[in-house]
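Have a look at the structure below, then the notes.
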Amino acid sequence: MSQSGKPQRVGAVKQITSHSNPIVKEIKGLVSQRKHRIQSGLFVAEGLKLATDALDAGWGVRYLALGPEAREHPLAQTAAAKAKARGALILEVNTAVLAAMTRKDNPQMVVGVYDQQTVEPDQIDPSKSTVWVALDRVRDPGNLGTIMRTVDAVGGSGVILVGDCTDPFAVEAVRATMGSLFHVPIAKMSKARFLELAGNWPGSVVGTHLKGSVDYRTVDYGEPALLVMGNEQQGLEDDMAGACKTLIRIPQAGQADSLNLAVATGISLYEIRRNHLEL
Ligand code: SAM
């Protein structure tokens, strides 16, 4: 705090007022195109909460853009100071530039650009795991983000993206994680690599399947568990289902064909972790 009682301003490194500034264009590209995220290894996360989560969890930060409201906001200034100390360029921008960067009419007051972080398949250590969720070709970024948030909530170990999946660093996925992206490890692997992992897994390997014959409430889930979820349209591929020691089903009444992927994952995870969660 300054002597006047106002939060101390972090010295602005760069003020941007033009939509055609190259950094604004770069951030727009990261928001809208996976190609840019892959080439740069960067991604965009909106909001002060996510900035705080990212910085507290030690993620690399490239830019922190602060809108007018953030410039007098103590927590935003703390985030900016941390980001600057970590080598980020702090951008002071107006609301119109923030809106252009994020393609939103009502942008958040803070927008960050961070280094992507994933774990290698070999870094998955079953002996230090509770439950990993493997997603077979997940397509919907909102589903993926919601699943990451739920894995975080139950104390899960991480998420495995098998085959051609949606980008966990897409803005919609990041938004849906509500910050859990910065706490839940993500591993990407081919189906062949996953089948090898599942074949050597020392604990339970449980697939969820509409044709599963076992009620999910009757299984003894030994940890470390591997919970395997199917694609939104096609379900679990046969060889993926074949790699599971048990295929569970969540009973349904009513006329719905199936549950939403993220909902089915949440129900299964809470059952798997039932004896480990207390209020
Ligand atoms: N048409 C797909 C099918 O035939 O499997 C529906 C897929 S469903 C929307 C997406 C995934 O959620 C499924 O592959 C499965 O992993 C899980 N799931 C959804 N409802 C389920 C249920 N009642 N029991 C077990 N798993 C379920």
Side-chain angles (χ1 to χ4, degrees), residues 121 124 129-168 170 172-173 176-178 180 184-199 201 203-275 277:
I124 296 176
S129 300
T130 54
V131 52
W132 282 82
V133 175
L135 299 171
D136 178 15
R137 299 161 296 144
V138 57
R139 287 280 185 263
D140 184 276
N143 275 344
L144 175 53
T146 304
I147 289 169
M148 293 190 64
R149 184 177 175 183
T150 312
V151 169
D152 191 11
V154 300
S157 298
V159 169
I160 300 171
L161 300 178
V162 184
D164 184 16
C165 289
T166 192
D167 182 4
E172 302 78 17
T177 72
M178 294 293 287
S180 292
V184 174
I186 301 168
K188 297 180 185 178
M189 63 185 76
S190 66
K191 185 165 71 174
R193 181 69 183 84
F194 175 75
L195 293 176
E196 188 190 331
L197 179 80
W201 193 259
S204 55
V205 182
V206 180
T208 56
H209 206 294
L210 298 180
K211 294 189 183 139
S213 55
V214 182
D215 184 322
Y216 81 108
R217 295 165 296 189
T218 64
V219 174
D220 185 8
Y221 299 96
E223 289 189 353
L226 195 50
L227 175 67
V228 190
M229 306 298 304
N231 165 272
E232 290 95 334
Q233 269 79 46
Q234 291 143 25
L236 206 51
E237 280 195 304
D238 287 348
D239 45 4
M240 294 280 289
C244 300
K245 294 173 193 160
T246 312
L247 286 182
I248 57 169
R249 182 154 49 100
I250 304 165
Q252 296 179 204
Q255 304 302 309
D257 289 340
S258 63
L259 293 163
N260 162 275
L261 169 62
V263 170
T265 309
I267 292 172
S268 306
L269 277 175
Y270 268 90
E271 188 63 22
I272 291 172
R273 299 244 69 221
R274 188 154 67 114
N275 297 327
L277 299 173

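In listed order, ligands and their atoms are each counted from 1.
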- Query: How far does CZ of R273 sit from CG of L227, to the nearest 0.5 angstrom?
  - Reply: 12.5 Å
- Item | Crowding at CE, M189 (>12 non-hydrogen neighbours, <6.0 Å) | yes
For residues 203-212, which side-chain N or O atoms pair as donor and acceptor with protein atoms under 3.5 Å away, sequence neighbours left out?
| unit_1 | atom_1 | unit_2 | atom_2 | d |
| --- | --- | --- | --- | --- |
| S204 | OG | G222 | O | 2.8 |
| T208 | OG1 | V228 | O | 3.3 |
| H209 | ND1 | K211 | N | 3.0 |

- Message: Taking side-chain contact (heavy atoms from CB on, under 4.5 Å) as the criterion, tell me which of D140, I147, N231 meets it with L261.
- Response: I147
If you look at each N/O of ligand 1, which protein N/O atoms lie under 3.5 Å away, and at what distance?
| unit_1 | atom_1 | unit_2 | atom_2 | d |
| --- | --- | --- | --- | --- |
| ligand 1 | 1 (N) | Q233 | O | 3.0 |
| ligand 1 | 14 (O) | G230 | N | 3.4 |
| ligand 1 | 16 (O) | T208 | O | 3.2 |
| ligand 1 | 16 (O) | T208 | OG1 | 2.5 |
| ligand 1 | 16 (O) | G230 | N | 2.9 |
| ligand 1 | 20 (N) | L259 | N | 3.0 |
| ligand 1 | 23 (N) | I250 | O | 2.9 |
| ligand 1 | 23 (N) | Q252 | OE1 | 2.8 |
| ligand 1 | 24 (N) | I250 | N | 2.9 |

- Evaluate the side-chain proximity of L226 to I160: yes if any heavy-atom separation is below 4.5 Å, no if none is. yes
- Between the CD atom in E237 and the NZ atom in K191, the distance rounded to the nearest 0.5 Å is 3.5 Å
